[in-house]
Number of protein chains: 2
Amino acid sequence: MNIKLHFGKGGGSEHCLLKKFKNKREQAFAEREQELLVLAEKIMAKEGFSGLTMDKLVVACDYSKGTVYNHFSSKEDLLCALCVKSMEMEIALFDKGLAFQGRSRERLLAIYYAYRLHALMHPTLFYCVLTAKTPAVKEKASEARLTQQAELELQLSHVCDQLFEQGIQDGDLKLPAGITYSHLSFAAWALAFGSNALLQGASEATLVSRINAQEALLFNVNLVLDGMHWTPLSQDWDYRACWQRIGKKIFSTELSTLEQASA
Amino acid sequence: MNIKLHFGKGGGSEHCLLKKFKNKREQAFAEREQELLVLAEKIMAKEGFSGLTMDKLVVACDYSKGTVYNHFSSKEDLLCALCVKSMEMEIALFDKGLAFQGRSRERLLAIYYAYRLHALMHPTLFYCVLTAKTPAVKEKASEARLTQQAELELQLSHVCDQLFEQGIQDGDLKLPAGITYSHLSFAAWALAFGSNALLQGASEATLVSRINAQEALLFNVNLVLDGMHWTPLSQDWDYRACWQRIGKKIFSTELSTLEQASA
DNA sequence: AAGCAAAGTGACGAATCGTCATATTTTGAC
DNA sequence: GTCAAAATATGACGATTCGTCACTTTGCTT
């Protein structure tokens, strides 16, 4: 039922992209897994989400069915692995966003920017995250993969926690009585998840059709952070300009590749 | 590719639960569809999300495969139909929530209450909504069903719009320049969707594990509505008490059935 | 009652999943 | 270098599941 783990059973470090491996074998295994994931993403991008089948992946790669199933215990497990990959890339972008120099609230905005950017650059992978939240997928994914996923989620929230902390230290944010970082993190995360999930599927006619996605996200974020009384409030500060600045200063390379792709 | 529509082609009214039908035939058809949906939900609740197959549904019901496929063009279409059903029930609960007497912001809270209540009472159906946002499902659902879904979403947002309007008329809420109802609706919706989606899958160990779900939702809502400067602000008003009051005054029957079920 | 359109039936073919007995490669000891 | 044991790879195969279609039945109209 569970996928064989070829790594040592020592928990919690398999998901880092660049890591020392016990030996060549494990390294090769990890590399092959990445290779398979890249291939799977390509198939999905080309043939649609339901166009991805295990058989197609097997044919497309240089390995056999058994080998592929050594990596992914089921199709759902493969989807979760893609979700994990997506989150790993998010973390990398988040870390980049942390480099933005500014007030605490501006720096959190940089994280949101990174999130949105990731969704735009890798829509397919982003959808995998949504899909991985689905019971049909969770039910059939391997235990190990789900654990990995949960760990990454924690890791993502820790990035935010840093900024909450800075906000408090700088005196820009106060933690209400009985409220912890977790509450704030959850609120920030829920809004980001909800906004992006709904925006992603809404390029056509719906409620959100006419709303510019970027604008909407920024608006929503301002709402929540204003609600936290995180100064400077949106009425006292030009966060739209800040948003632009984040793009220019931190993510210019990503933006240009994005423009190239859509051109 | 598309499911045959046995109703008149006049658009936009098929989704109302109680409606006049052109003739007995259509009525029977609609009733059977509901019957099938109830059955499908039961199978899903009992055997898990991936335990629902078309074959099982066919065996469980008194009709043949062909008949079932006359209703649902594919398994994904069936899932969407369940999603539609879920939204119809939500609307009914929303309408009930509208009956709450109070200030505009309190009344919007009643809508959130209804949303949360629905998620608790029908977790399976609620998951269908999440699943229906997934590309794998959207790709294979019938056009007609997706239209129906989009219409219902609009209808849901209109309920909220009423309350935004009341808020403005009462002077409790001001629409910033360049901001429309749609923006506010979207923010409210995104937060509700994100919070509930994340809370639903998080009864166990994760970031949200220790946070009481109800509390978290109320907290998040307060954050956003405070961000809108919707008076009275959460610091000036006891919305937790209001939340309790909503439960008692409006949804007491639902609450008792819920307690019965979990006892 | 006859005729006809609409709906129902279920056997069937195609596609997909995941397994397992066997073949191959790698490892490590001498 | 050699050889046995352990790890890994292979792909044919059985089991589901999906969705279709040629044919039958139902029920409405005249």
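Just so you know, these numbers come straight off a predicted model, no measurement behind them. Chain A is the first sequence line, chain B the second, and so forth, proteins listed ahead of strands; every chain is numbered from 1.
- Residues B:Y63 and B:E35 bring a donor and an acceptor atom of their side chains to less than 3.5 Å of each other.
- At a threshold of 4.0 angstrom between heavy atoms, the contacts of B:K56 with the nucleic acid are absent.
- Taking 4.0 Å as the cut-off between side-chain N and carboxylate O, B:K138 and B:E76 do not count as a salt-bridged pair.
- In the set D:dT8, C:dA7, C:dT16, D:dT8 carries the atom at the smallest distance from any side-chain atom of A:N70.
- If you take SG on A:C128 and CG on A:L52, they are separated by 8.5 Å, rounding to the nearest 0.5 Å.
- With hydrogens and angles disregarded, no donor-acceptor distance shorter than 3.5 Å links the side chain of B:S195 to the backbone of B:A192.
- Residues from residues 37-48 of chain A that place a heavy atom under 4.0 Å from any atom of DNA chain D: there are none.
- To the nearest 0.5 Å, atoms CD (B:E153) and CD (B:Q149) are separated by 6.5 Å.
- Atom CE of residue A:M44 and atom CZ of residue A:F49 lie 4.0 Å apart, to the nearest 0.5 angstrom.
- For DNA chain D, the residues of residues 58-67 of chain A within the heavy-atom distance limit of 4.0 Å (strictly under) are A:Y63, A:S64, A:K65, A:G66, A:T67, sorted by number.
- For B:R32 and C:dA7, the shortest distance from a side-chain N or O to OP1 or OP2 is not below 4.0 Å.
- For A:K65, the salt bridge (Lys or Arg N to Asp or Glu O under 4.0 Å) test picks out A:D55, with sequence neighbours left out.
- For the pair B:L57 CG and D:dG19 P, the computed distance is 13 Å after rounding to whole Å.
- A straight line from OH of A:Y69 to C1' of C:dG18 spans 5 Å, rounded to a whole angstrom.
- Each of A:E33, A:E41, A:E90 was compared with A:K85 under the salt bridge (charged side-chain N to carboxylate O under 4.0 Å, His left out) criterion, and only A:E41 meets it.
- Atom CG in A:D77 sits about 12 Å away from atom P in C:dT19, given to the nearest Å.
- The nearest whole Å value for the distance from the NE2 atom in A:H71 to the C1' atom in D:dT8 is 10 Å.
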